[in-house]
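Structure first, commentary second.
FYI, the numbering just counts along the sequence from 1.
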Amino acid sequence: MKYGVLAGLVLTTASHASIDLKANEQPLPVTVDQQAVAKIPKGYQFVEPGTLTVAISALNSPPLALLASDNRTRIGSDPDIARLLAGSLGLKLKLVPTAWEDWPLGITSGRYDVALVNIAVTEQRKEKFDFATYRVDSLAFSVKSTSDIQSIKSAGDLAGKKVIVGSGTNQERILLGWNEENKRAGRETALPVYLTDDASGNLYIQSGRADVFFGPQSVSAYKAALTGKTRVVGLGPKKAYVATTTKKGNELVYALQAALDGAIQRGEYQKVLARWGEQGEAVAQSKVNPPGITY
């Protein structure tokens, strides 16, 4: 399926009520928040003066990020959060589609001011990056709709299965940990399948080259509702805070936190999550560098 085809669809499910992708191409209004503007560090130099440069996912991974009907404009909940941040801070916005593997170097080298690639807070990442939370995210296991797999709750349920995960992600760490558990129990381990694009993942699941997709719950639920060709059969063992990600110590994180908190108070943040079916992942306030996932 070409990405632009999605823009003509209206998606309705229990958890993703009436997502109108065509309507969602229109940016939501954002109020400049002077309290947030005042927290921009005095000596901070933006990648481009007067512009917030934000790395977002280059993948087609709705509802987090996808292409609009013009096959150029990036829409989704992460681009909407980026617009919320830039608008609140009185800045222009530049979105940079980025591979998952590239965002860490892009932040540390100064190519981006902020990364919004569904990045979860971990204790290891906190050593190099600062975080301001904007969603609570769960991971989910999904399978082909006709699969014999009915439920995945623990390591033994994945024994001998081929599981699609992203390299360097929390789901990979969980899968590898479960493999060690299966080894100790004398069970067959799961085989990680590393793919870098959504189309390949769909093909692998439908053709039987992989048994399970392990990734963000919002993406898995969206896919299942959109096509009916997959279904969610379990949630991962850990929940995480998803957060704006900036270079450690540059203090831009506090302006981002203030922008998010102001948007929450004005109701603008809630409108973003609602139009992408992510109401259940909302935070009451943004937190800077909260306790992260440990393994």
Side-chain angles (χ1 to χ4, degrees), residues 3 24-61 63-119 125 128-135 242-266 268-269 271-273 275-276 286 288-289:
Y3 302 162
N24 286 4
E25 292 184 4
Q26 299 301 315
L28 292 169
V30 182
T31 304
V32 176
D33 187 333
Q34 294 301 334
Q35 291 184 341
V37 173
K39 292 197 174 185
I40 297 174
K42 290 292 188 291
Y44 183 77
Q45 294 184 336
F46 289 96
V47 176
E48 295 183 11
T51 299
L52 190 67
T53 301
V54 180
I56 59 166
S57 177
L59 294 178
N60 182 53
S61 52
L64 302 176
L66 65 155
L67 284 171
S69 56
D70 62 5
N71 280 324
R72 294 191 308 273
T73 305
R74 302 299 298 186
I75 62 173
S77 60
D78 277 350
D80 272 0
I81 292 292
R83 293 185 183 95
L84 199 63
L85 293 171
S88 295
L89 295 174
L91 300 168
K92 297 178 182 177
L93 175 64
K94 180 179 180 180
L95 296 176
V96 183
T98 304
W100 169 263
E101 295 83 2
D102 294 340
W103 72 258
L105 180 58
I107 288 292
T108 57
S109 66
R111 289 205 305 269
Y112 326 122
D113 298 304
V114 186
L116 295 180
V117 195
N118 200 53
I119 302 167
R125 288 174 186 158
K128 292 185 178 181
F129 307 101
D130 283 326
F131 297 96
T133 61
Y134 64 93
R135 275 189 18 253
V242 175
T244 70
T245 306
T246 51
K247 188 174 182 179
K248 190 75 176 178
N250 69 15
E251 298 191 351
L252 183 61
V253 65
Y254 298 106
L256 301 177
Q257 178 194 34
L260 288 164
D261 282 342
I264 290 170
Q265 293 169 10
R266 296 189 301 271
E268 295 172 354
Y269 163 85
K271 290 178 181 178
V272 168
L273 266 60
R275 75 174 187 165
W276 294 108
S286 179
V288 169
N289 296 330

Task: Atom CD of Gln35: over 12 foreign heavy atoms under 6.0 Å - done: no
Task: With Lys39 via side-chain hydrogen bond (donor to acceptor under 3.5 Å, both in side chains) - residues at least two apart - done: none
Open item on the list: Any side-chain to backbone donor/acceptor pair from Gln257 onto Ala132? Under 3.5 Å, distance only.
Closed with: no
TODO: Enter the distance from Leu260:CG to Ile81:CD1 here, rounded to the nearest 0.5 Å.
DONE: 6.5 Å
Open item on the list: If you compare all heavy atoms of Pro63 against all heavy atoms of Trp276, which two are closest, and at what distance to 0.1 Å?
Closed with: CB-O, 3.7 Å
Open item on the list: Working to the nearest 0.5 angstrom, can you tell me the gap between Ile75 CD1 and Leu95 CG?
Closed with: 12.0 Å
Open item on the list: I need the single residue from Asn289, Thr246, Thr244 that forms a side chain to side chain donor-acceptor pair (under 3.5 Å) with Asp130. Which is it?
Closed with: Asn289
Task: Test side-chain contact (heavy atoms from CB on, under 4.5 Å) applied to Ile119 and Phe131, step by step - done: CA-CA 9 Å; Ile119 302 167; Phe131 297 96; 4.0 Å; yes
Task: Donor-acceptor pair, side chain of Thr51 and main chain of Lys92, under 3.5 angstrom - done: no
Task: 4.5 Å side-chain heavy-atom contact, Lys128 and Pro104 - done: no
Open item on the list: I'd like to know if the side chain of Ser77 pairs up with that of Asp80 as donor and acceptor (distance under 3.5 Å, no hydrogens or angles considered).
Closed with: no
Open item on the list: Within the 4.5 Å heavy-atom criterion, are Asp261 and Tyr269 side-chain neighbours or not?
Closed with: no
Open item on the list: I'd like to know if the side chain of Arg275 reaches the main chain of Asn24, judged simply by a donor and an acceptor atom lying under 3.5 Å from each other, with no hydrogens or angles considered.
Closed with: yes
Task: Atom NZ of Lys94: over 12 foreign heavy atoms under 6.0 Å - done: no
Task: Euclidean distance, Ser57 OG relative to Asn118 CG, rounded to 0.5 Å - done: 8.5 Å
Open item on the list: Could you report the tightest heavy-atom contact between Ile56 and Pro79, atom names first, then the distance?
Closed with: CD1-CG, 3.9 Å
TODO: List the atom of Val30, the atom of Arg83, and the distance in Å for their closest heavy-atom pair.
DONE: CG2-O, 4.0 Å
Open item on the list: Under 3.5 Å, is there a donor on one side chain and an acceptor on the other for Glu268 and Thr31?
Closed with: yes
Open item on the list: Testing the 3.5 Å rule here: is there a donor-acceptor pair between the side chains of Tyr44 and Asp113?
Closed with: yes
Task: More than 12 heavy atoms from other groups under 6.0 Å of CZ on Phe46 - done: yes
Open item on the list: Measuring only between side-chain heavy atoms, which start at C-beta, is Arg72 closer than 4.5 Å to Leu67?
Closed with: no
TODO: Nearest 0.5 Å please: distance from the CG atom of Leu64 over to the CZ atom of Arg135.
DONE: 5.5 Å
Open item on the list: Taking the side chain as everything from C-beta on, heavy atoms only, tell me whether Asp78 gets closer than 4.5 Å to Tyr134.
Closed with: yes
Task: Contact check, side chains of Thr108 and Phe129, non-hydrogen atoms, under 4.5 Å - done: yes
Open item on the list: Can you confirm whether Ser88 sits close enough to Val32 that some side-chain heavy atom of one is under 4.5 Å from a side-chain heavy atom of the other?
Closed with: no
Task: Side chains of Thr245 and Leu116 in contact at under 4.5 Å (non-hydrogen atoms) - done: no
Task: Distance, nearest 0.5 Å, that separates OG1 of Thr53 from CG of Leu91 - done: 9.5 Å
Open item on the list: Measuring only between side-chain heavy atoms, which start at C-beta, is Val54 closer than 4.5 Å to Val96?
Closed with: no
TODO: Please name the pair of heavy atoms, one in Ala55 and one in Thr98, separated by the smallest distance, quoted to 0.1 Å.
DONE: CB-OG1, 3.4 Å
Open item on the list: Please report the interatomic distance CD(Glu48) to CG(Leu52), rounded to the nearest 0.5 Å.
Closed with: 10.5 Å
Open item on the list: I need the full list of ring pair (Phe, Tyr, Trp, His ring centres under 6.0 Å) pairs touching residues 63-86, with sequence neighbours left out, sorted by first then second residue.
Closed with: none
